[in-house]
Amino acid sequence: MEPNIFFGIINIASALLIIGVSIPLVKHKIKMNHLYGIRIKKSFESEDSWYKINEYGAKQLIIWSIPMILVGFICFFVPIDDSNKDILSFVFGVFPITLCIAVAVIKIYVYAKKI
């Protein structure tokens with residue numbers, strides 16, 4: 001499999017997985033637990049905090065999954081060869097997923113401090 005196709009599939013699949021696990025959180029379908037959801041100290045203070053933080057966090061994860069999907073589709077059209085393999089592997093393989101999740105997590109923590 002060509003590296004660009006591989007990175008495209010990884011980015012799109014990761015984004016779709018994140019969206020899939022976020023939807024029940026947005027809809028308040030997940031009760032307070034220690035396995036699934038945005039599990040930070042503030043979210044365990046009350047049920048109200050749990051649902052507010054998880055809804056906001058899930059929305060952020062969904063929003064930040066969209067750039068991952070776009071990068072995934074871009075990957076299909078950017079050839080990766082030996083001359084650019086190292087940099088493009090980072091740009092298309094590691095960076096989008098790490099950046100998007102990191103931004104979402106930071107936004108969740110900032111939101112949690114405000115409530």
Side-chain angles (χ1 to χ4, degrees):
M1 178 182 296
E2 294 295 320
N4 60 325
I5 303 299
F6 174 76
F7 291 131
I9 291 170
I10 291 296
N11 277 288
I12 293 169
S14 297
L16 293 176
L17 177 64
I18 290 168
I19 292 168
V21 299
S22 295
I23 290 171
L25 296 171
V26 170
K27 293 183 174 189
H28 296 210
K29 299 288 186 185
I30 307 301
K31 294 180 181 179
M32 192 182 303
N33 68 83
H34 291 283
L35 296 174
Y36 179 25
I38 310 299
R39 299 174 320 273
I40 58 177
K41 185 177 180 181
K42 183 79 172 179
S43 67
F44 289 108
E45 289 181 357
S46 69
E47 279 196 35
D48 187 52
S49 292
W50 172 263
Y51 287 114
K52 283 182 180 178
I53 291 169
N54 276 275
E55 179 181 357
Y56 179 83
K59 286 179 180 178
Q60 288 301 310
L61 289 167
I62 291 168
I63 289 167
W64 286 97
S65 292
I66 295 168
M68 290 169 52
I69 292 170
L70 295 174
V71 169
F73 282 114
I74 291 168
C75 287
F76 295 140
F77 303 103
V78 177
I80 298 176
D81 55 34
D82 288 339
S83 66
N84 61 11
K85 188 174 187 174
D86 293 338
I87 189 70
L88 289 182
S89 294
F90 175 76
V91 169
F92 290 135
V94 177
F95 188 68
I97 297 168
T98 305
L99 177 67
C100 293
I101 291 174
V103 170
V105 167
I106 290 167
K107 291 181 74 104
I108 293 165
Y109 273 102
V110 169
Y111 174 78
K113 286 187 177 191
K114 290 180 183 177
I115 62 167

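Of the inter-residue distances, the one linking I80 atom CD1 with I5 atom CD1 reads 9.0 Å to the nearest 0.5 angstrom. Separating the OG atom in S65 from the CG atom in L70 is a distance of 11.0 Å, to the nearest 0.5 Å. The distance from atom CG of L25 to atom NZ of K59, rounded to the nearest 0.5 Å, is 12.0 Å. Atom-to-atom distance recorded for N11:CG and F6:CZ is 10.0 Å, nearest 0.5 angstrom. Expressed to the nearest 0.5 Å, how far CD1 of I115 lies from CG of D48 amounts to 7.0 Å. Taking NZ of K42 as the reference point, atom NZ of K52 lies at 9.5 Å (rounded to 0.5 Å).
Residues A112 and I53 share a closest heavy-atom pair of CB-CD1, 3.9 Å. Nearest heavy atoms, K31 versus N33: O-ND2, 2.7 Å. Taking both residues in full, the closest heavy atoms of W50 and I30 are given as NE1-O, 2.9 Å, listed atom of the first, atom of the second, then distance. Of all heavy-atom pairs between I18 and M68, the closest is CD1-CE, 4.1 Å. Here the closest non-hydrogen pair linking G93 and F7 is CA-CD2, 3.5 Å. The heavy-atom pair separating F76 from G8 by the smallest distance is CE2-CA, 3.8 Å.
Hydrophobic clustering of Ile, Leu, Val, Met, Phe, Trp and Tyr side chains at less than 4.5 Å, counting indirect connections, keeps I108 apart from V110. Taken together through direct or relayed side-chain contacts under 4.5 Å among Ile, Leu, Val, Met, Phe, Trp and Tyr, F73 and L16 form part of one hydrophobic cluster. Under a hydrophobic-cluster definition in which Ile, Leu, Val, Met, Phe, Trp and Tyr are linked whenever side-chain heavy atoms come within less than 4.5 Å, directly or via other members, V21 and I97 are assigned to different clusters. No continuous path of ILVMFWY side-chain contacts below 4.5 Å connects W64 to I66, so the two sit in separate hydrophobic clusters. Criterion: ILVMFWY side-chain heavy atoms under 4.5 Å apart, direct or through other members. Under it, Y36 and I19 are not part of a common hydrophobic cluster.
Among residues two or more places apart in sequence or in another chain, the salt bridge (charged side-chain N to carboxylate O under 4.0 Å, His left out) test is passed with D86 by none. Under the salt bridge (charged side-chain N to carboxylate O under 4.0 Å, His left out) criterion, E47 pairs with no residue at all, not counting sequence neighbours.
Taking the six-membered ring where tryptophan is involved, the planes of F44 and H34 are essentially parallel, since the angle between them stays under 30° and well short of 60°.
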Going through the distances and angles, do S83 and D81 end up as a side-chain hydrogen bond (donor to acceptor under 3.5 Å, both in side chains)? CA-CA 6 Å; S83 66; D81 55 34; 2.6 Å; yes
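When each of V71, L88, V91 is tested with V78 by the rule side chain to side chain contact (heavy atoms under 4.5 Å, CB included), just one qualifies, namely L88. If you run side chain to side chain contact (heavy atoms under 4.5 Å, CB included) between L61 and each of I38, V103, V26, only I38 comes through.
For the ring-ring contact (aromatic ring centres under 6.0 Å, His included) condition, the pairs that include at least one residue of residues 96-115, sequence neighbours left out, are Y56-Y111.
With a 6.0 Å radius and a threshold of 12 heavy atoms from other residues, nucleotides or ligands, E45 has its CD atom above the threshold.
The shortest side-chain heavy-atom distance between I9 and M1 falls under the 4.5 Å cut-off.
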